[in-house]
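Note that these values count all heavy atoms, side chains included, but never hydrogens, waters or copies made by symmetry. Letters go in sequence order (proteins before strands), and every chain restarts at 1. Here the structure is a predicted model, which means the values were calculated and not measured.
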Amino acid sequence: MDKLILIDGNSIIYRAFFAMPPLTNTKGWHTNAVYGFTNMLLRIIEDHKPTHMMVAFDAGKITFRHESYKEYKGGRNKTPHELSEQFPLLKELLQGLGIAQYELSGYEADDIIGTISKEAEQAGQEVLVISGDKDMFQLASEHVEIGLTRKGVTEIEIYNPEQIHERYGLKPHQITDLKGLMGDTSDNIPGVPGVGEKTALKLLHQFGSVEDVLANIHELKGKMKEKIETHADDAVLSKKLATIYREVVLDKTLDEMVFNGFNPDTSGPALAKLEFKSMLERLSLSGEAGLEDGIAKQPTLNVEVTVINEDNIKEFISRLPQVKVLHVETYGENPHRAEIIGVVFSSEEHHDYVPFDLFKTDHAAPILNWLQDPAYPKRGYDLHRMDLALHWHEIPFAGVTFDVQLAAYLLDPTESNQTISALAAKYGLSSLVVEEDIFGKGAKYKVPEIEVLSNHLARKSATVLSIIPKQEEELEKNEMKSLFHDLEMPLSRILADMEKQGIEVYTKDLQELGKEFESQIHQLEEDIYRIADGKFNINSPKQLGEILFVKLGLPVVKKTKTGFSTDAEVLEKLAPYHEIVQHILQYRTLAKLQSTYVEGLLKEISPKTGKVHTYYRQTIAATGRLSSQFPNLQNIPIRLEEGRKIRKVFVPSESGWSILAADYSQIELRVLAHISNDERLIEAFLQDMDIHTKTAMDVFGVKPEEVDSNMRRSAKAVNFGIVYGISDYGLSQNLNITRKEASQFIEQYFAIFQGVKQYMSDIVKEAKENGYVTTLLGRRRYLPEINASNFNLRSFAERMAMNTPIQGTAADIIKLAMVHMDKALSDKQLKSRMLLQVHDELVFEVPEDELELMKVLVPEIMSKALQLVVPLNAEVSFGSNWYEAK
DNA sequence: AGGGTCACG
DNA sequence: ACGTACGTGACCCTT
């Protein structure tokens, strides 16, 4: 049986554009919409195996519909140029792939599809129409199905006439009547004002069509009758506009739409031109002919690699002083537990692969010496990870000078793919073999034979070597050399030291705490099952929603994409209605503590050291902050007493020592005061006032003693909002007030803090001009969406423009403090150790005899890390565990 | 794999 | 028309 797929090109590319994040190739072309479209195309072909295919496009702006209604599709926003640029790209790609396309002056894609689907159906074909537009439902029949995109374009939901009936209670042809009555704002089809989908459906269920409604208008009454009578003409016209014309005279036959798979000669080059590499691979196509555009698929990089053994190790050792790049291949996400697969030492002339087993022999002494001698500079990709992996294999390591991953992060901290392979592509170097092809993936992971492995790793190492000079140049150009060499590189070594040190967790107390939680959780479970009159999985939002909103009939406050929302905010609102809700809230709190912080933490305690060794990631957060994994020690509970107890199990690793913690007070608002140079904000900090109270005084125009807790709370929320890049909506949500009230708050705030207002508008302007924002130390974040025509995307980017310099500068400052602190500890030969960083806090373990010194030294170094126009205060505290250090 | 929820700054 | 406060990571459930 022949199967024809007809795609509404305009509809799909439009949806793909808004669904996909912005994407540009190395030539700077926007390609996200084409990419999304193509992805959808590949999937639909795989799923439906068509014999015929065609993509229809609208041609020009004026169609026959404008003859009867010149405002048709009026009032639409102009298509953003980022999208319109992609039409020719898509059309060229379709041609390359060998997929028919068609457009006809004066008609829309709908009409072409309507006409062809009718012809095809008559010729005995099965037809599938793909669109994002429900109008297409009118075409459905026994042999014509409609595939509607969901969630952008990633999912297609297929409708036949029965399913349409289920959804609307209408026959396909009645969809035009539906549109006639309710109109369609996106096409500027008026319909009858005041009649929406619900009313329209009711009328059609009763009468059947627009004409029948009008003929029986006497049966209606009141406002509705009046509205329909006044707008009867509009309804008829709207129906006409919404009706797809299925009698277009076409000069295209079904034979021209035959699809026998992608054109083997032209598909590869067409995809390569756009740089859709993953699709090339997916289709096992070669992009050879597209090479002229600088994109290679197959690696052409030829590296000679010497596999070192006991016989040739002497020669290799003589080459060690010339080594430029080190590559230690690790396996496993957590570097503290990673295996070492193999090691490559590269210079321009040589690539030497040293099997890791060789490190354990006596021959390796000079290699170990090279690794730990800081006089030999270490360059490579992710030296931090190598350092940790080597450390747990008892190999000391020192002398990091250039980390390619770290440089890549500074050059573009938002790039999620910072693999060596992606960097090779960025700098136009020969590409690498896909790692999965070498190692397999998931359960199929396996280290290949030595020839394959040594070759692959040498290629990676050689690529890293070629990337370094390009990055040096780019860092120089972006004025980031100092940020890189004097801050991030030294910090990477410091972080590795902190992680190796780890923090002691008192297992026994943690297990005790776990038992307490366990019995409380058990009790709560019983109560909940009893009240709900039945067992269910409380952890399943789906089952919980069923119980709360169906079985118990509580009011639905908020919905998620998939069903009822049951988050804490919703539950708080429901608490007065039913006693079960309090229990569920309590259960949630305890279950979280138990699974994440008791069980989770216990799993992370190293059997070797009895400590937890987190892994700080220096290349994740777009603002310059660190992140922490395995376990995350930056989100240990503190706000609620129950959870805060967890902190009691973090103890010093030596008896008689203390935990000392120091945190910056209001660092972000102080940074804001500095960069905005706002008079009032600066004054507030110079007087060292409680900033939220001060803000409340100013905004509400009251004396200090008149600030009540509610005013302070509001002021605090405004201050947070300011730091986050304020929006009236966000503030209204946070304070549970109307958007209008929030808007007034913000206005009042800006009337007082005019410098802040000025900063907010200046920074957005700067971002729009430069395409990026920077922190005080020159850290950069690109905001490509700052000029987007899509309101949402643009607004996001604007808030990031406001927030990133603040959050990022605060991150710069504590990183500086860490570098200074590390130096002070070693210069003064102190035994105290820096263990943790929690964004604005540093945690140490300190011996008794250094406590008095550290209580002064730590806050001093932190507050002097960077000179601002306002003082930077750090508050210090200590105790026998992290809980006590408060 | 992705969504929901919740822990932190 | 759209649906949002900024930055993270871990756990659980569902697909």
(message) By nearest atom, which of the nucleotides C:dT14, B:dC6, C:dC6 is closest to the A:Tyr724 side chain?
(response) C:dC6
(request) Considering just the side-chain nitrogens and oxygens of A:Arg781, establish if one lies under 4.0 Å of OP1 or OP2 belonging to C:dG7. (result) yes
(request) Among C:dA10, B:dC8, C:dC13, find the nucleotide with the atom closest to the side chain of A:Asn635. (result) B:dC8
(request) Would you mind telling me which of C:dA10, C:dG7, C:dG9 lies closest to the side-chain atoms of A:Asn803? (result) C:dG7
(message) Is it the case that the base of C:dC13 and the side chain of A:Lys542 share a donor-acceptor contact (distance under 3.5 Å, atom types as modelled)?
(response) no
(request) Taking only the side-chain heavy atoms of A:Ser627 (C-beta and beyond), determine which of C:dA10, C:dT8, C:dA5 contains the nearest atom. (result) C:dT8
(message) Measure CG/A:Leu731 against P/C:dG3 and give the value in whole Å, please.
(response) 21 Å
(request) Quickly work out the A:Ile722 CD1 to C:dT4 P distance and round it to whole Å. (result) 21 Å
(request) For nucleotides B:dT5 and C:dA5, find the distance between their P atoms and express it as a whole number of Å. (result) 13 Å
(request) With the side chain of A:Thr589 defined as its heavy atoms from C-beta on, choose the nearest nucleotide among B:dA7, C:dC12, C:dA5. (result) B:dA7
(message) Nearest whole Å is fine: how far is C:dG7 P from A:Glu841 CD?
(response) 22 Å
(request) Find the distance A:Ile806:CD1 to C:dA5:C1' and express it as a whole number of Å. (result) 13 Å
(message) Of the listed nucleotides (B:dC8, C:dT14, B:dG4), which one gets closest to any side-chain atom of A:Ser540?
(response) C:dT14
(request) Answer yes or no: is there a side-chain heavy-atom contact under 4.5 Å between A:Tyr759 and A:Ile675? (result) yes
(message) Between the base of B:dC8 and the side chain of A:Gln634, is one N or O donor paired with an acceptor at under 3.5 angstrom?
(response) no
(request) Tell me whether the OP1 or OP2 atom of C:dT14 has a side-chain N or O from A:Gln543 closer than 4.0 Å. (result) yes
(request) From the options C:dG9, C:dC2, C:dC11, select the nucleotide whose nearest atom is closest to the side chain of A:Asn792. (result) C:dC2
(request) Give a yes/no answer on whether the side chain of A:Ser565 brings an N or O atom under 4.0 Å of OP1 or OP2 in B:dT5. (result) yes
(message) Over all strands shown, is A:Ala591 touching base, sugar-phosphate only, or nothing at heavy-atom distances under 4.0 angstrom?
(response) nothing
(message) Let's test your reading of the model: under 3.5 Å, does the base of C:dG7 pair with the side chain of A:Arg799 as donor and acceptor?
(response) no
(request) Go ahead and name the base partner of C:dA1; Watson-Crick or wobble counts if both distances stay under 3.5 Å, otherwise write none. (result) none
(message) Please determine whether a side-chain nitrogen or oxygen atom of A:Arg639 lies at a distance below 4.0 Å from atom OP1 or OP2 of B:dC8.
(response) yes
(request) Among the candidates C:dC2, B:dC8, B:dG9, find the nucleotide nearest to the side-chain atoms of A:Pro637. (result) B:dC8
(message) Taking the basic N atoms (NZ, or NE/NH1/NH2) and the acidic carboxylate oxygens, is any pair closer than 4.0 Å for A:Lys535 and A:Glu525?
(response) no
(message) Cation-pi check for A:Phe796 against A:Arg799: NZ or CZ below 6.0 Å from the six-membered ring centre and within 45 degrees of the axis, yes or no?
(response) yes
(request) Ignoring backbone atoms, test whether A:Arg588 places a side-chain nitrogen or oxygen under 4.0 Å from the OP1 or OP2 oxygen of C:dC12. (result) no
(message) To the nearest 0.5 Å, what is the distance between CG on A:Asp382 and NE2 on A:His384?
(response) 7.5 Å
(request) For A:Lys716 and B:dG9, give me the distance from atom NZ to atom C1', rounded to whole Å. (result) 12 Å
(request) If the plane angle is over 60° it's perpendicular, under 30° parallel, otherwise tilted; pick one for A:His336 and A:His613. (result) tilted
(request) Among C:dT4, B:dG3, C:dC11, find the nucleotide with the atom closest to the side chain of A:Thr562. (result) B:dG3
(request) Measure from the side-chain heavy atoms of A:Pro541 and tell me the nearest of B:dG9, B:dG4, C:dC12. (result) B:dG4
(message) Parallel, tilted or perpendicular, judged at 30° and 60°: which one describes the rings of A:Phe536 and A:Tyr529?
(response) perpendicular
